[in-house]
Amino acid sequence: QVQLVESGGGLVHSGDSLQLSCAASGRTVSNYAMGWFRQPPGKEREFVAAVTRSGSSTLYSDSVKGRFTISRDNAKNTVTLQMNSLKPEDTAVYYCAADQAWVKIVTTRDITALDAWGQGTLVTVSS
C-alpha cells in the first residue's frame, strides 16, 4: 500500500498562485494513477485533476482547466498541483489520491474507495 502526505496549502489572495505537493511512500508511486480532489466548506468532495502512471496524460475538471496543472516525478515519488489565478471558490481542503486503475481515479465520487488518499491540506483564497 502507498501512503500519501500533502503539503503546500495556505492562505492566499485572489489571483495568486500556490503549489501543492503530495509525497508518496511505501509502494512505488509509478504503479498508480494519481489525482487531486477537493472539498469546499459545506460541500461534497469533488475531482480536480488526475495524471496517468507515466505522466503522459492528464485530466482536469472544467472549473480548474487552464489554471491548474498536475504533474508527477516518479523518481522522487511526488505529485504536484500548480494552481494559478486562484479564486475564492477554490477554497477547499485538497486531497491527493492514488489508484492502480485510471478509470477509478477519474470517475469516483468517493476517494475512500481508492487505493490510497492523504489527510488533506487547506487552501484558503481571500477576495
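The chain is numbered in sequence order, starting from 1.
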Taking only residues two or more places apart in sequence or in another chain, which ones pass salt bridge (charged side-chain N to carboxylate O under 4.0 Å, His left out) with Asp110?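 Result, salt bridge (charged side-chain N to carboxylate O under 4.0 Å, His left out) vs Asp110: none returned.
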Just to verify, what does Glu46 make a salt bridge (charged side-chain N to carboxylate O under 4.0 Å, His left out) with, not counting sequence neighbours?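 For Glu46, the residues satisfying salt bridge (charged side-chain N to carboxylate O under 4.0 Å, His left out) (neighbours in sequence not counted) are Arg38.
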Ignoring hydrogens, what is the shortest heavy-atom contact between [X] and [Y]? Give both atom names and the distance.
{"X": "Ser126", "Y": "His13", "result": "OG-ND1, 2.9 Å"}
{"X": "Ala113", "Y": "Thr108", "result": "CB-OG1, 4.4 Å"}
{"X": "Pro88", "Y": "Ser14", "result": "CD-OG, 3.8 Å"}
{"X": "Ala98", "Y": "Val2", "result": "CB-CG1, 4.1 Å"}
{"X": "Arg45", "Y": "Thr112", "result": "NH2-CG2, 4.3 Å"}

Whichever hydrophobic residues join Val93 through chains of side-chain contacts under 4.5 Å: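 Phe37, Phe47, Leu59, Tyr95, Trp102, Ile105, Val106, Ile111, Leu114, Trp117, Leu122, all in the cluster of Val93.
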Could you go step by step and tell me if Val125 and Lys87 meet the side-chain contact (heavy atoms from CB on, under 4.5 Å) rule? CA-CA 6 Å; Val125 185; Lys87 305 175 182 180; 5.5 Å; no
Go through the structure and list residues passing side-chain contact (heavy atoms from CB on, under 4.5 Å) with [X], not counting sequence neighbours.
{"X": "Thr58", "value": "Val51, Tyr60, Ile70"}
{"X": "Lys43", "value": "Pro40"}
{"X": "Ser54", "value": "Thr52, Ser56"}

Any donor-acceptor N/O pair, [X] side chain to [Y] backbone, under 3.5 Å:
{"X": "Glu6", "Y": "Gly120", "answer": "yes"}
{"X": "Asp73", "Y": "Lys76", "answer": "yes"}
{"X": "Ser30", "Y": "Asn74", "answer": "no"}
{"X": "Arg72", "Y": "Gly55", "answer": "no"}

Distance in Å, [X] [atom1] paired with [Y] [atom2], rounded so as to fall on 0.5 Å steps:
{"X": "Leu4", "Y": "Thr78", "atom1": "CG", "atom2": "OG1", "value": "11.5 Å"}
{"X": "Leu81", "Y": "Met83", "atom1": "CG", "atom2": "CE", "value": "5.5 Å"}
{"X": "Tyr32", "Y": "Asp115", "atom1": "OH", "atom2": "CG", "value": "5.5 Å"}
{"X": "Ser85", "Y": "Arg67", "atom1": "OG", "atom2": "CZ", "value": "7.0 Å"}
{"X": "Asn77", "Y": "Gln3", "atom1": "CG", "atom2": "CD", "value": "11.0 Å"}

Got a salt bridge between Lys65 and Asp62, using NZ or NE/NH1/NH2 to carboxylate O under 4.0 Å?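 Yes, Lys65 and Asp62 are salt-bridged.
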Taking the side chain as everything from C-beta on, heavy atoms only, tell me whether [X] gets closer than 4.5 Å to [Y].
{"X": "Leu86", "Y": "Phe68", "result": "yes"}
{"X": "Met34", "Y": "Arg53", "result": "no"}
{"X": "Val123", "Y": "Asp90", "result": "no"}
{"X": "Gln19", "Y": "Thr80", "result": "yes"}

Just checking, any donor-acceptor pair under 3.5 angstrom between side chains of Ser63 and Ser61?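 There is such a pair (donor and acceptor under 3.5 Å, judged by atom type) between the side chains of Ser63 and Ser61.
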